[in-house]
Protein chains: 2
Amino acid sequence: MQTPTAPAPRKAPRPRADALRNRERIVTAAREMFVEHGPDVPLDEIARRAGVGNATVYRNFPDRDALVREVVCSVMDRTAEAAELALAETGDAFAALERFVHTAADERISALCPMVSSTFDKHHPDLEAASKRVERLVEEVMGRAKAAGQLRPDVGVGDLMVVVSQLSRPPAGTDCVRGDRFVHRHLQLLLDGLRAPARSALPGRAVSLRELRAS
Amino acid sequence: MQTPTAPAPRKAPRPRADALRNRERIVTAAREMFVEHGPDVPLDEIARRAGVGNATVYRNFPDRDALVREVVCSVMDRTAEAAELALAETGDAFAALERFVHTAADERISALCPMVSSTFDKHHPDLEAASKRVERLVEEVMGRAKAAGQLRPDVGVGDLMVVVSQLSRPPAGTDCVRGDRFVHRHLQLLLDGLRAPARSALPGRAVSLRELRAS
DNA sequence: GCTAAACGGGGAGACGGTCCCCGGTTATTT
DNA sequence: AAATAACCGGGGACCGTCTCCCCGTTTAGC
């Protein structure tokens, strides 16, 4: 009774193609909406933006947290890919870091703000995996720039993630069609501040991703 | 029938002392709540945080916009005072700028984010007055640092206000007791990026406060 | 072409925010 | 110190909105 073509060991009726496509569209829409309107945006509006019926959202995700988690994980993956792309740049190490920062902003890294929220399970396995991967890759990007004496040594992965998130986030209450007119400008300011040699001493200590999760 | 002691020209029954105190407490509470939870936070919670009954809020402010406007104006005044304080510093011009930035963050400058919101009357006279004052003073602080060759010339008042607001704003969805542990650290990074000579060219143009208001 | 899975719109139920009412309290006046 | 008027604060009604289910219709996959 085994269908040799389908590797379905048990109860794996592979979902329909349009179902997968819709799920993807929902995650994409949710990412944008979370960035623009915060994590409390009505699910019905996410559905509308995704071009699907509201029921499709509720079918795919048992509750809001599940959707938030999926969005956060997907953004982490995108961020990780941005880091890998930057690492492929074999030339100037700081240029690689710059590329990573600007790309991460475009990939809506600020959508993982809910990660530090109180009502959010930070210990979900998917999440910890994605988190580890990002931290390792970004650490690598930053490490190279530090080793080349181009990046100040007193900043951590957490510092970078928070600052880029904050700078690329749309201002509160904005119905931001404004887009990212200023974002890359301001990111560039930050990057100039990150260059070695440091022009001043920072208060506090370099922060890691782990410290960020520990609310 | 004139009471010579009270300079009440017409219908100016000076409000009771506790009424004024309560009004002030409400504005203070609202500032914190707007910063932490955005401009849509329930008015009842603002009342709770202020330690007054909800009716007192609705009595003092005809609608939400009135309260928001008052908060924005008060924060602008605080920011202006921070700038004046910085200008009093007759020594190093860039040190004055640094002092201003850190103080503005502590004074909750990010509470004037709603100013760029769509549903907000940007042409109210009180607001324009406060706005003018802030722009003039910050322009002066930055001008001095530029003249001294310490501040890169390709940044405007708008750039500074936006960046400081964004960096000092609590991450979305945070019930932020986290406080500003990292804020001053990250502001310092920014300040290092602001120093002359510029380490890179910024995309776009220097932005003024006016451009910011023009949604 | 058949079947079962997925879709989408409409609507019931519940939750939460806004705003008013009114009995009690407190500051001010003489 | 007593009178008076303004102010306070909690409770509750109204209303908009979000959530989530139901069911007739559509569409992918065999």
Side-chain angles (χ1 to χ4, degrees), chain A residues 1-8 11-30 33-34 36-70 114 119 173 175, chain B residues 1-8 10-30 33-34 36-71 114 119 173 175:
Chain A
M1 222 254 176
Q2 295 127 276
T3 30
T5 57
K11 271 293 172 61
R14 120 171 125 255
R16 263 163 54 168
D18 57 342
L20 263 66
R21 194 181 57 241
N22 276 340
R23 187 187 173 90
E24 200 51 43
R25 291 174 65 173
I26 290 169
V27 172
T28 300
M33 295 298 267
F34 287 157
E36 296 176 15
H37 304 287
D40 295 330
V41 67
L43 295 187
D44 281 26
E45 300 223 6
I46 294 178
R48 228 169 48 83
R49 156 99 74 139
V52 303
N54 54 8
T56 305
V57 174
Y58 293 102
R59 227 191 325 272
N60 275 280
F61 303 94
D63 54 15
R64 173 181 293 271
D65 282 351
L67 176 54
V68 172
R69 193 183 327 119
E70 181 107 354
T119 66
D175 270 358
Chain B
M1 221 256 178
Q2 293 129 277
T3 31
T5 57
R10 274 257 287 175
K11 270 296 173 57
R14 110 166 134 263
R16 266 165 53 169
D18 56 341
L20 261 67
R21 195 180 56 240
N22 276 341
R23 189 187 171 89
E24 200 52 42
R25 291 174 66 174
I26 290 169
V27 172
T28 300
M33 295 298 267
F34 287 157
E36 296 176 16
H37 304 287
D40 295 330
V41 67
L43 295 187
D44 281 28
E45 301 223 4
I46 293 179
R48 229 169 48 81
R49 156 98 75 137
V52 303
N54 54 8
T56 304
V57 174
Y58 293 102
R59 227 191 325 274
N60 276 281
F61 303 94
D63 54 14
R64 172 181 293 271
D65 283 349
L67 177 55
V68 172
R69 193 182 328 120
E70 180 107 355
V71 168
T119 66
D175 271 358

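The basis for the numbers below is simple: all heavy atoms, side chains too, and nothing from hydrogens, waters or symmetry mates. Chain letters run A, B, ... following the sequence lines, proteins first and then strands; every chain starts at 1.
- Nucleotide dG9(D) holds its P atom 15 Å from the CZ atom of R23(B), rounded to whole Å.
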Is there a side-chain contact (heavy atoms from CB on, under 4.5 Å) between N22(B) and R25(B)? Walk through the geometry before answering.
CA-CA 5 Å; N22(B) 276 341; R25(B) 291 174 66 174; 4.2 Å; yes
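- Between the CZ atom of R48(B) and the C1' atom of dG11(D) there is a distance of 16 Å, rounded to whole Å.
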For residues 60-67 of chain A, which side-chain donor-acceptor pairs fall under 3.5 Å, sequence neighbours excluded?
from   : atom 1 : to     : atom 2 : distance (Å)
N60(A) : ND2    : T56(A) : O      : 2.9
D63(A) : OD1    : A66(A) : N      : 3.0
R64(A) : NH1    : P39(A) : O      : 2.8
R64(A) : NH1    : V41(A) : O      : 3.0
R64(A) : NH2    : V41(A) : O      : 3.0

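- Heavy-atom minimum distance, V57(B) versus A47(B): CG2-CB, 3.6 Å.
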What protein N or O atoms touch nucleotides 2-4 of chain C N or O atoms at under 3.5 angstrom, if any, and at what distances?
none

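- Dashed line: the shortest gap from a side-chain N or O of R14(A) to OP1 or OP2 of dC30(D) is under 4.0 Å.
- Taking atom CG on D18(A) and atom P on dG29(D), their separation rounds to 7 Å, with Å as the unit.
- Note: CD1 (I46(A)) to C1' (dG8(C)) measures 17 Å, nearest angstrom.
- Residue R59(A) has a polar side-chain atom (N or O) positioned under 4.0 Å from OP1 or OP2 of dC7(C).
- Taking atom CD1 on I26(B) and atom P on dG9(D), their separation rounds to 9 Å, with Å as the unit.
- Atom CZ in F61(B) sits about 11 Å away from atom P in dC8(D), given to the nearest Å.
- If one axis is set at each end of the helix from dG1(C)-dC30(D) to dT30(C)-dA1(D) from five pairs, those axes are 40° apart, to 10°.
- For A50(A) against I26(A), the heavy-atom pair with the smallest separation is CB-CA, 4.0 Å.
- Considering only residues two or more places apart in sequence or on other chains, D18(B) meets the side-chain hydrogen bond (donor to acceptor under 3.5 Å, both in side chains) condition with R16(B).
- Annotation: salt bridge (charged side-chain N to carboxylate O under 4.0 Å, His left out) contacts involving residues 41-57 of chain B, sequence neighbours excluded, comprise E36(B)-R49(B).
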Apply side-chain contact (heavy atoms from CB on, under 4.5 Å) to the pair V71(B) and V68(B), showing each step before the final yes or no.
CA-CA 5 Å; V71(B) 168; V68(B) 172; 5.7 Å; no
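- Applying the salt bridge (Lys or Arg N to Asp or Glu O under 4.0 Å) test to R69(A) and every residue at least two apart in sequence or in another chain returns nothing.
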For nucleotides 14-20 of chain C, give me one character per nucleotide, 5' to 3': B if any protein heavy atom sits under 4.0 Å from the base, S if the only such contacts are to the sugar-phosphate, - if neither.
---SBBB
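- When the P atom of dT19(D) is taken as reference, atom CG of L67(A) falls 11 Å away, rounded to whole Å.
- Nearest heavy-atom pair, A29(B) versus I46(B), reported as atom, atom and distance to 0.1 Å: CB-O, 3.8 Å.
- Neither OP1 nor OP2 of dA6(C) sits under 4.0 Å from any side-chain N or O of N22(A).
- Between the P atom of dC7(D) and the CG atom of L20(B) lies a distance of 10 Å, rounded to the nearest Å.
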